[in-house]
*Asks:* 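Pasting in a structure now, in structure tokens, and then I'll have a few things to ask.
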2 protein chains.
Amino acid sequence: MADVAAKAGVSRALVSIIFRDQPGASQETRERVLRVADEIGYRPDNAARLLARGRSRTLGVMFTVHQTFHADLVEGMYPEAERLGYEVLLSATAQGRGEVKAVEALLSHRCEAVILLGPDSAVADLDALGHRTVAVSVGRRVPQARVDSVHTAEGKGIRQAMDYLVELGHRRIVHIDGGRGPGSAERRRAYRAAMRRHGLESGLRVIPGDHTEQSGIETGRLLLAERDGGQPLPTAVLAGNDRCAMGLLMALTRAGVEVPRDLSVVGYDDSHLSHLMPIGLTTVRQDAVLMAEHAVRFAVERLEDRELEPREAVLDPKLVVRGTSGPAPEEPA
Amino acid sequence: MADVAAKAGVSRALVSIIFRDQPGASQETRERVLRVADEIGYRPDNAARLLARGRSRTLGVMFTVHQTFHADLVEGMYPEAERLGYEVLLSATAQGRGEVKAVEALLSHRCEAVILLGPDSAVADLDALGHRTVAVSVGRRVPQARVDSVHTAEGKGIRQAMDYLVELGHRRIVHIDGGRGPGSAERRRAYRAAMRRHGLESGLRVIPGDHTEQSGIETGRLLLAERDGGQPLPTAVLAGNDRCAMGLLMALTRAGVEVPRDLSVVGYDDSHLSHLMPIGLTTVRQDAVLMAEHAVRFAVERLEDRELEPREAVLDPKLVVRGTSGPAPEEPA
DNA sequence: TACTCGCACTAGAGCGCGCTAGTAGAGCGC
DNA sequence: GCGCTCTACTAGCGCGCTCTAGTGCGAGTA
């Protein structure tokens, strides 16, 4: 920077002004300085910038590298962040890199706020994080913590799916649980409520699982084993999310079960995956872009006014009917 | 930091030493300082650290948020980077955020090296980047640029797949091209060569496409339209990558084409997707973890010795036979 | 005793910027 | 001529840390 200033015959301060696009420099000086900078190959150093400025205007996003829905969310964040003048820094959780590590990485890079996609941490930890910095949880309600949250009205989505399945004649509807995954508790609760409301308590069944393909595959195996043991298959399965639904489909189809003739499968998220199934996955759609925009906005607004109370955005989900669902099979007499 | 030093009754320098885990402090002072820091809630500021240190020990990784194979790669980089004492910063390309933007973000955050997953930029740009900093291209050979590269022996993989298909009796084997995608040119070339080698020039056909599901879907539609126009379907399709293969499968299966009875499909990458298909996708496996480790190692080694000439790691791919491939259908007399 | 050595620790410069407070000079009205 | 404002620019401190070149001190050696 000093080199640029020297070569352009101005002070460092003026170079700074020009690179920050601030008023206080004449047009011709601006052009000259920029030209010189280009020649020298100077580009401002962000680290120093942040340090001097005190603010980084950077949002940290923690996501899970294999969670396809997160990709949709991340993609939705960039434009909104840019619009508001913020940068986005990503940090992935992965095998051997837990949420704590991922978040620490973000914070130590001076992110002013942290947006957590489907956080799995304990409420107390999230609360602590929310006190240390501005935090937003996407996909999981954390009402007890000092954290904004953005999620869909899980109950509503599940209810739509359940009503739809019941309407199609399904009675034995099983739910694969998302474990500690975001939104799982609400989905589970809504499933239970819907079964009761439709007078199907007797068929109510929640199979423990999580938000991965593996979980769907295992459930598939379990159901097949039960069938071979003489128990009938359920006629419909409400999976914890799309990935789980995909795993289930794989396991079942491989074993000769025909979807949706023998059994209907409904996912959750409407991630890119849903379109991928040859017949398309029936699923409950969460609007990734809208969620992403809300999350960014929450973070920025809290940054601008630290006193703001944590808020919650609840978006409406929507059932998207594709090929994996259909009328319940005729019951054998 | 000054607060910690004051409260612990030592100098800032000593606190620094302790937080850097360097020799020069007694065990008891160490413990005391760390305890005080914890009480105050002090954590060292990375930006200032980088600035003062001159080195960031940070590797920047540019990836595409929806490219599933990239997720596998990213996951493989973290452990290796950590082992070598480097941090990893991610920057995604996405709609409206091109490679230039993504890389600028990395550089301005003081990444010492940039690892590009499947870069699409012009060779000249990559070369320029390679001169400005240490750069590694993963999945694409860039022999003309000052850039390390890590990729699989594309030709070998395609050859294996082709030999396998021909052995199964396939003659009309079509290739969906990956466009400007990484490795596409080599795969295309190898496909052509294999067709010739097997005396199948007459059936040689490259359909333009890219590395997305959409491209597979479109090709599927095209082939179906041709079939309806009286032309026979190919008996096997070699897709540009797994995503493309998935799209193709979706389009075909929807239209009643049975895979692999009527037509075999082979993908490329062996990303997580491949396991997802109910019947499993036959594909050419690239070892993501190995590629990731090579890429990180290349970057670090070049950082440690700037004079090192750019190198190239060529890994052996491996055909993984799953459910989407089988014997060629009987030709109608 | 005088010295060297090694260990625990410190002073203070400097990393590359942003920012506040300020100056020099041009243009204006009176 | 004076004071005034406005624009274009500059000096220099400080952000939070690392790092070099030290200081002080007790133990070991001549």
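Proteins get letters first, then strands, A, B, ... in listed order; numbering begins at 1 in each. On a predicted model such as this, the values are computed, not experimentally measured, just so you know.
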*Asks:* Starting at atom CG of B/Leu50, determine the distance to atom C1' of C/dG16, rounded to an integer number of angstrom.
*Replies:* 12 Å
*Asks:* With heavy atoms under 4.0 Å as the rule, sort A/Met1 into base, sugar-phosphate or nothing.
*Replies:*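 Sugar-phosphate: the residue A/Met1, judged by heavy atoms under 4.0 Å, touches backbone atoms but no base.
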*Asks:* State which of D/dG12, D/dT10, D/dG16 makes the closest approach to the side chain of A/Arg12.
*Replies:* D/dG12
*Asks:* Could you give the CD-to-P distance, from A/Gln22 to C/dC19, as a whole number of Å?
*Replies:*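 After rounding, the gap between these two atoms is 6 Å.
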*Asks:* Out of D/dT10, C/dC19, C/dG16, which nucleotide sits closest to the side chain of B/Leu51?
*Replies:*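 Looking only at side-chain atoms, B/Leu51 lies closest to C/dG16.
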*Asks:* Taking only Lys NZ, Arg NE, NH1 and NH2, and the carboxylate oxygens of Asp or Glu, determine whether A/Arg83 and A/Glu80 approach each other closer than 4.0 Å.
*Replies:* yes
*Asks:* Mind checking B/Arg30 for me? I need base, sugar-phosphate or nothing, with any heavy atom below 4.0 Å counting as a touch.
*Replies:*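 It contacts nothing in the nucleic acid.
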*Asks:* Using Watson-Crick or G-U wobble geometry with both distances under 3.5 Å, which nucleotide pairs with C/dC30?
*Replies:*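 Pairing partner, where one exists within any strand: D/dG1.
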*Asks:* Report yes if at least one side-chain N or O of A/Arg20 is closer than 4.0 Å to OP1 or OP2 of C/dC19; otherwise report no.
*Replies:* yes
*Asks:* When rounded to the nearest 0.5 angstrom, what distance separates CG in B/Leu34 from CD in B/Glu31?
*Replies:*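 It is 8.0 Å, given to the nearest 0.5 Å.
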*Asks:* Tell me which nucleotide, if any, is Watson-Crick or G-U wobble paired with D/dG16 when both distances must be under 3.5 Å.
*Replies:* C/dC15
*Asks:* Would you indicate what B/Pro44 reaches in the nucleic acid, counting non-hydrogen atoms under 4.0 angstrom: base, sugar-phosphate, or nothing?
*Replies:*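 Sugar-phosphate contact only - B/Pro44 comes under 4.0 Å of backbone atoms but never of a base.
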*Asks:* NA contact type, B/Arg110, heavy-atom cut-off 4.0 Å: base, sugar-phosphate, or nothing?
*Replies:* sugar-phosphate
*Asks:* Between D/dA11 atom P and A/Leu14 atom CG, what is the distance in whole Å?
*Replies:* 11 Å
*Asks:* Please report, rounded to the nearest Å, how far the P atom of D/dA21 is from the CD1 atom of B/Ile17.
*Replies:* 15 Å
*Asks:* C/dG16 C1' sits how many Å from A/Arg43 CZ, rounded?
*Replies:*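 Checked: the CZ to C1' distance equals 13 Å.
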*Asks:* Check whether any side-chain N or O of B/Ser16 sits under 4.0 Å from OP1 or OP2 of D/dT18, and answer yes or no.
*Replies:* yes
*Asks:* Nearest to the side chain of B/Arg49, which nucleotide is it out of D/dT18, C/dG16, C/dT10?
*Replies:*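 Of D/dT18, C/dG16, C/dT10, D/dT18 is nearest to the side chain of B/Arg49.
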*Asks:* Hey, would you say the A/His109 and B/His109 ring centroids sit under 6.0 Å apart?
*Replies:* no
*Asks:* Counting side-chain heavy atoms from C-beta on, which of D/dC9, C/dG18, C/dT10 comes nearest to A/Ala25?
*Replies:* D/dC9
*Asks:* Could you tell me how far apart B/Arg53 (CZ) and C/dG16 (P) are, to the nearest whole angstrom?
*Replies:* 14 Å
*Asks:* For B/Gly54, which contact category applies under a 4.0 Å heavy-atom criterion: base, sugar-phosphate, or nothing?
*Replies:* nothing
*Asks:* Got more than 12 heavy atoms from elsewhere within 6.0 Å of CD, A/Gln95?
*Replies:* no
*Asks:* Nearest whole angstrom, please: distance from the C1' of D/dA8 to the CZ of A/Arg32.
*Replies:*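 One finds 12 Å between C1' of D/dA8 and CZ of A/Arg32, rounded.
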*Asks:* Please tell me if B/Thr29 has a side-chain N or O lying less than 4.0 Å from either OP1 or OP2 of C/dC9.
*Replies:* yes
*Asks:* Report the nucleotide, chosen from D/dG16, C/dG18, D/dC19, that has the shortest atom-to-atom distance to any side-chain atom of B/Ala13.
*Replies:*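 Within the option list, the nearest is D/dC19.
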*Asks:* Does a side-chain N or O from A/Ser26 land closer than 4.0 Å to OP1 or OP2 of D/dC9, or not?
*Replies:* yes
*Asks:* Tell me the interatomic distance from B/Ile18, atom CD1, to C/dC9, atom P, rounded to whole angstroms.
*Replies:*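 Rounded to the whole Å, the gap is 7 Å.
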*Asks:* Pick from A/Lys101, A/Arg97, A/Glu99: which one makes a side-chain hydrogen bond (donor to acceptor under 3.5 Å, both in side chains) with A/Ser91?
*Replies:*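 It is A/Arg97, the one option of A/Lys101, A/Arg97, A/Glu99 that forms the side-chain hydrogen bond (donor to acceptor under 3.5 Å, both in side chains) with A/Ser91.
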*Asks:* Against B/His151, only a single residue in B/Glu186, B/Glu312, B/Gln286, B/Arg140 fulfils side-chain hydrogen bond (donor to acceptor under 3.5 Å, both in side chains); can you say which?
*Replies:*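 Looking at B/Glu186, B/Glu312, B/Gln286, B/Arg140, the match for B/His151 under the side-chain hydrogen bond (donor to acceptor under 3.5 Å, both in side chains) is B/Glu312.
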